Amino acid sequence: MSTETPLELKKTLNLPKTGFAQKANLSQSEPARLKKWAEMNLYDLIRRSREGREKFILHDGPPYANSDIHLGTALNKILKDIVVKSRTMMGYDAPYVPGYDCHGLPIELYVERKLGEKKAQMPATSIRRACREHAAAALKSQTRDFQRLGVLGLWENPYLTMSNQYEAETARLFGRFVERGYVYKGARPVYWCIHDQTALAEAEVEYAEHTSPSVYVKFPLSDETLDGKAFKRELLGSEDDPRRVFFLIWTTTPWTLPANLGIAVNPAFEYAAIESGGEVYVVAAELVEAVTEKCGLSAPKVLARFMGAKLDRLEARHAWLDRPSLLMLGDHVTLGGEADAETELDVKEARDRKGTGKAGTGLVHTAPGHGHDDFVIGKAYGLDIYCPVDNAGRFTPEVEHFAGQRVFEANPKIVEFLRESGALLFSENYAHRYPHCWRCKNPVIFRATPQWFISLDALSADAQQFEQDDDGRDRTNYTDNEEGAPESLRDGALREVERVEWVPAWGEDRMRNMLRGRPDWCISRQRVWGVPIPAFYCDACGEAVADPSVIKHVTDIFERESSDAWYTRETKDLLPENFMCPKCGASGWTKETDILDVWFDSGSSSIAVLEKYEGLSWPADVYLEGGDQYRGWFNSSLMVGLAVHERAPYRAVLTHGWLLDGQGKAMHKSGGNAISPNDVIKESGAEILRLWVASSVYYEDMSCSPDILQRAADAYRKMRNTARFALGNLDGFDPERDRVALPELPELDRWALAELDTVIERVLEAYKAYEFHTVYHALYNFCTVTLSARYFDIIKDRLYTYAPKSHARRAAQTALFEIADALARLLAPILVFTADEIWENLPSSKPEGDQATATTASVHVADFPLASGARDAGMLARWTRLFEVRDVVLRSLEEARVAKLIGSGLEAKVRLDVSRDVYELLQHYRDELRYIFIVSQVDLSIAENGATEPVRVSVVRADGEKCERCWTYSEHVGASTRYPTACERCTAALAEIEAGEDA
RNA sequence: CGCGGCGUAGCUCAAAGGCAGAGCGUUCGCUUGAUAAGCGACCGACGAGAGGUUCGAUUCCCUCCGCCGCGACCA
């Protein structure tokens, strides 16, 4: 026994002590940790640690290198990082090579605006240089932002679609499509922006409200032709009848009337000839009433009814030009769906105070140069693809009356002209959704111009021919299509769609529908900032030549000099020597001026990146992008994959939803409801953003608002404090030396470890299934309920008051260590900074600078934890019941508190009257109950017969005095002379401590 | 107009053809040895439909409404 003076009681407690700060101060600590990671080359360290493991490739879809990142980009990158890190910790070698989409119109337009007037005089090379600089600056700043989010990857060597190698590969892949016979040059109507003067891809138009003039125009029947005469005779009895017959068409684009070459009717619809004011009009029978009302036809009389098929190949005359307009049959002709939805439309239109909702005549004005359906039917009937509109949207000189005018400005003049000439029956303003350019927001037009296309339906017969890479690697193992049967891109795509795993599952339908309906891919753009289409035109015969051997020659130059060579070098330098026109044998050439669609650039990435970077391989395991990429990158990548390997470039495609604000409205930069990720980082830290991402179901639309972020910040603090409590109580614990074996742990500690096992399994399963919100909820719930409210609260007494080295305390620490270690690992993919910080503060018996630093250096090099095997169904069931009883007790304590009987729970003595079966359970834990309930005393007895509830609780003041040291009430306080204010438990602990000090 | 998705407490998520759960937040209280912390209690919801199937529907079907996305047509 010690003879020294008694110890100061409060100082003998083992209160938590740790370097793990309560306040995270993320806006400062995150950059510091990033710096540390950079210094230790963490990404390389991880790569080396995973060498030889099974690969898991997430292929990064390149964000557009144009401006600062927005919340959507941040969300995208964070999700990818969570995938990569979680797969890494599952044991895969999961490299991450980020990329940037550098070419394209948005940058070119930005540069153009900046250059202003000067641009006109500048050569293409100068503009391209400016674009290149802009992209380089933007991607540099984006890289900084992405890294700041805690995303690990090969940031020092990302792929850039504007690098020499990438540009060369892009051009080379164009060559692949050529070789396969998928590429053709033709005139088809494509979306055309008259402001930016370029063709647009489908993905580049957006629909917006637009008001157009809606006009009803009459085209006279040509009674010169035999058929026309016969038709008139049938209708009116005599071909000499003075009444003239007109076909009544409706359009909202009067400017396309000069290009009218025909009128389409539906063969299955009934049409009627109606007479009014001495003229006869043909309209769809169902629309007679609507049309007469609209056009103010007085006393209309139906003369005849007949099917549309009857009109086939009749000839009308153009409304004002001396030119025929052919009647044609097409199923695309509708009645506008108006019949079914009149009420609905009337309401909507009335709101707009425009139009009345009934439009159309059942006869469709057809201009094959200005519409998709028009083009198709015009082709079928052998019409010209006539498009008298130039790049700037001006009528060409051949257009009478309107030459030189811009189409949208000509609209009212054409209407006026029609009115004066008497061809117009009615006009009004018509509000509808109309395609607009995604960049400049101006309305676009449909315009037939010569463009390069990739055919979706052309068959490629030479499927096996180039299943060899330039380096001779055999590629045939990639394909299923063993017979090498001819297959179109569309068919191949539809086949591959079924093999891919889509998350969520409905993505498959969406992709399939998109692929079924899409037209040929227009890949040429009349711009300069992109990869030039490596094609030439024969000066002698005008033949457009895209030849594989020429393309190879060109791409070799690109590889060395970048695609700038196309502009800096002379044509002869770009062609193989003595290259002659395959058609006419001439050798004078002019280079193509169009560039490739940027979707072709990014679509090339699977080949240009996965097959070129060391450590990557084709195909990717996962693509992960927003839902807008179904028709964008998922689609273009699929086309390239098919052209090269006849396979999809991805095994699985995950999509995330759209960002909405707190009210569920779409988040738009212009809508004023956008949240800037950089602001959030500055104020709260990237961890908060990451935690928000993890907490939401990302494959649906996600809401974000200051309030929602506040919830994430709250959750962060709770998890941080939970970890801090564990770390604080591990002070002085050496896992090697002090760990208590599982069978020797008190049951409560084994229960905690069993709960941990459950969490580990749930979390790992959720990571595997990419369900990060389940990870979040499982971990958060574990922290709040299992740990903070239950386990930690109960073991506090043991941790603080028992002798530091006592078995009971070491047992709790053993569990705490396992818990903290597992928490760090399980949280690591989400809370990348904090998990690492927990990891650092875990006690370790390893001396500093030990060789084992590979895993000790950072949690991100470690693996996920394994379940410890502490689970025991019987034990878990018992504890579930014990906690139910505890809940009842806590409620009673609360009542006693309200009644001012007690304050702290330790002031209470709890009497339990319980049913026999509950008693059976509780009596085994008789001595534990006071700790489980956190009270000073517990009396347990079987309830007398007739008790209704299984557990009845009464609360009274605890017996005895409050122990100064542990705050429990005990009748033994005062029994010790050395420590007169301490209870019997504390007296014993103090003796142990004093003995320990001597030792 | 067509197609697809979504709609469960203030927020984020569960579950299930049979009493709708959790955590957070709010409110109230306790504690002051996790302290710009900790514990407890209370309050709180199935978008609408006297629609259909069913003994029973929030769940399955239909209609409507709202939100989100995509597309078509009007050339």
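When reading the values below, keep in mind they use all heavy atoms of this one structure, side chains included, and skip hydrogens, waters and symmetry mates. Note on naming: letters A, B, ... go to the chains in the order of the sequence lines (proteins, then strands), and numbering restarts at 1 for each one. Just so it is clear, the model here is predicted, and its values are computed rather than measured.
The CZ atom of F20(A) sits 14 Å away from the C1' atom of rA37(B) (whole-angstrom rounding). The interatomic distance linking D793(A) (CG) with rG33(B) (P) rounds to 14 Å, in whole Å. Following rounding to the nearest Å, L906(A) (CG) and rC39(B) (C1') show an atom-to-atom distance of 12 Å. One atom, OH of Y800(A), and another, P of rG38(B), lie 12 Å apart when rounded to the nearest Å. Rounded to an integer number of Å, the gap from E428(A) CD to rC74(B) P is 17 Å. Between the CE atom of M514(A) and the P atom of rC70(B) there is a distance of 13 Å, given to the nearest Å. R809(A) places its CZ atom 13 Å from the C1' atom of rG33(B), with the value rounded to the nearest Å.
Remark on RNA chain B: of its neighbouring residues H365(A) and L13(A), the 5'-side contact belongs to L13(A), judged by nearest-heavy-atom nucleotide. The residue among D374(A) and R965(A) whose nearest nucleotide of RNA chain B is located toward the 5' end is R965(A).
G626(A) approaches T655(A) most closely through the heavy-atom pair O-CG2, 4.3 Å. Considering all non-hydrogen atoms of both residues, A908(A) and V935(A) come closest at O-CB, 3.7 Å.
As judged by a 4.0 angstrom heavy-atom cut-off over every strand, H370(A) is placed among the base-contacting residues. Residue K796(A) is classed as a base contact, given a heavy-atom separation below 4.0 Å to a base. If you check every strand for non-hydrogen atoms under 4.0 Å, A789(A) touches sugar and phosphate atoms only. Residue N721(A) is in base contact, counting any heavy-atom pair closer than 4.0 Å across all strands shown. At the heavy-atom level, G627(A) lies nowhere under 4.0 Å from the strands shown. Within 4.0 Å of E964(A), counting heavy atoms only, lies at least one base atom of the nucleic acid. Nucleic acid contact for T366(A): sugar-phosphate only, since backbone atoms but no base atoms lie under 4.0 Å from a heavy atom of the residue. Within 4.0 Å (heavy atoms only), S695(A) reaches sugar-phosphate atoms of the nucleic acid but no base atom. Counting non-hydrogen atoms under 4.0 angstrom, E894(A) reaches a base of the nucleic acid. Across all strands, L660(A) comes closer than 4.0 Å only to sugar-phosphate atoms, never to a base (heavy-atom distances). At the heavy-atom level, R512(A) lies nowhere under 4.0 Å from the strands shown. Across all strands shown, V898(A) has no heavy atoms under 4.0 Å from either base or sugar-phosphate atoms. Among the protein residues, F446(A) comes within range of the nucleic acid bases, having at least one heavy atom under 4.0 Å from a base atom. Within 4.0 Å (heavy atoms only), G903(A) reaches sugar-phosphate atoms of the nucleic acid but no base atom.
For R897(A), the side-chain atoms get nearest to rG29(B) when compared with the rest of rG29(B), rG69(B), rU12(B). Of all nucleotides listed (rA37(B), rC68(B), rC74(B)), rC68(B) comes nearest to the side chain of A666(A). Of the candidate nucleotides rG25(B), rA37(B), rG23(B), rG25(B) has the atom nearest to the side chain of D714(A). The H773(A) side chain lies nearest to rA14(B) when the options are rA14(B), rG4(B), rA36(B). Distance from the side chain of V364(A) is smallest to rC74(B) among rC70(B), rC74(B), rU31(B).
With P as the reference atom, rA15(B) and rU8(B) are 14 Å apart, rounded to whole Å. rU58(B) sits 10 Å from rG47(B) when the P atoms are compared, rounded to a whole Å. Straight-line distance between the P atoms of rG2(B) and rC64(B): roughly 9 Å, to the nearest whole Å. Annotation: rG17(B) and rA22(B) have their C1' atoms spaced 23 Å apart (nearest Å). Comparing the same atom, P, in rA16(B) and in rG21(B) gives a spacing of 13 Å after rounding to whole Å. Atom name C1', nucleotides rC60(B) and rU53(B): the rounded distance is 8 Å, in whole Å. When the P atom is used for both rC11(B) and rG33(B), the distance is 38 Å, rounded to whole Å. Taking atom C1' on both rC42(B) and rC6(B), the two are 33 Å apart, rounded to the nearest angstrom.
A stem is defined here as three or more consecutive Watson-Crick or G-U pairs, each with both distances under 3.5 Å; for RNA chain B these stems are B:1-7 with B:65-71, B:10-13 with B:21-24, B:27-30 with B:38-41, B:47-49 with B:62-64.
In this structure, S936(A) contributes its side chain and Y969(A) its backbone to a donor-acceptor pair below 3.5 Å.
Remark: ring of W967(A) stacked against base of rG33(B); centroid gap under 5.5 Å, plane tilt under 30°.
R790(A) forms a cation-pi arrangement with F883(A), by the criterion of a distance under 6.0 Å to the ring centre and an angle within 45° of the ring axis. Taking the ring axis of F20(A) as reference, the NZ or CZ atom of R720(A) stays within 45° of it and closer than 6.0 Å to the ring centre.
For rA36(B), the OP1/OP2 oxygens have a side-chain nitrogen or oxygen of Q22(A) closer than 4.0 Å. Between rC67(B) and K665(A), a contact under 4.0 Å exists linking OP1 or OP2 to a side-chain N or O. For rG4(B), the OP1/OP2 oxygens have no side-chain nitrogen or oxygen of Y630(A) closer than 4.0 Å. Contact annotation: K718(A) side-chain N/O to rC39(B) OP1/OP2 distance is under 4.0 Å.
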Output, in order, the C-alpha distance, side-chain angles, deciding distance and verdict of side-chain hydrogen bond (donor to acceptor under 3.5 Å, both in side chains) for N841(A) and E837(A).
CA-CA 6 Å; N841(A) 284 281; E837(A) 196 185 345; 5.0 Å; no

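When the salt bridge (Lys or Arg N to Asp or Glu O under 4.0 Å) test is applied to R930(A), no partner is found at least two apart in sequence or on another chain.
With a 6.0 Å radius and a threshold of 12 heavy atoms from other residues, nucleotides or ligands, R762(A) has its CZ atom at or below the threshold. Atom CD of E884(A) is surrounded by more than 12 heavy atoms from other residues, nucleotides or ligands within 6.0 Å.
The base of rG33(B) lies close enough to the side chain of K10(A) for a donor and an acceptor atom to sit less than 3.5 Å apart. Side chain S788(A) to base rA34(B): a donor-acceptor pair is found below 3.5 Å.
Judged purely by distance below 3.5 Å, without hydrogens or angles, the side chains of N729(A) and Q813(A) never pair a donor atom with an acceptor atom. In this model, no donor atom of one side chain and acceptor atom of the other lie less than 3.5 Å apart for S684(A) and Y716(A).
Ion pair R891(A)/D887(A) not flagged as a salt bridge, since none of the NZ, NE, NH1 or NH2 atoms sits closer than 4.0 Å to an Asp/Glu carboxylate oxygen.
Residues T361(A) and F247(A) have side chains not in contact (no heavy-atom distance under 4.5 Å, counting atoms from C-beta outward).
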Find every protein N or O atom lying less than 3.5 Å from an N or O atom of nucleotides 8-11 of chain B, and list the pairs.
none

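H370(A) pairs in a ring-ring contact (aromatic ring centres under 6.0 Å, His included) with only one of the listed residues (F375(A), W192(A), W255(A), Y191(A)), which is W255(A).
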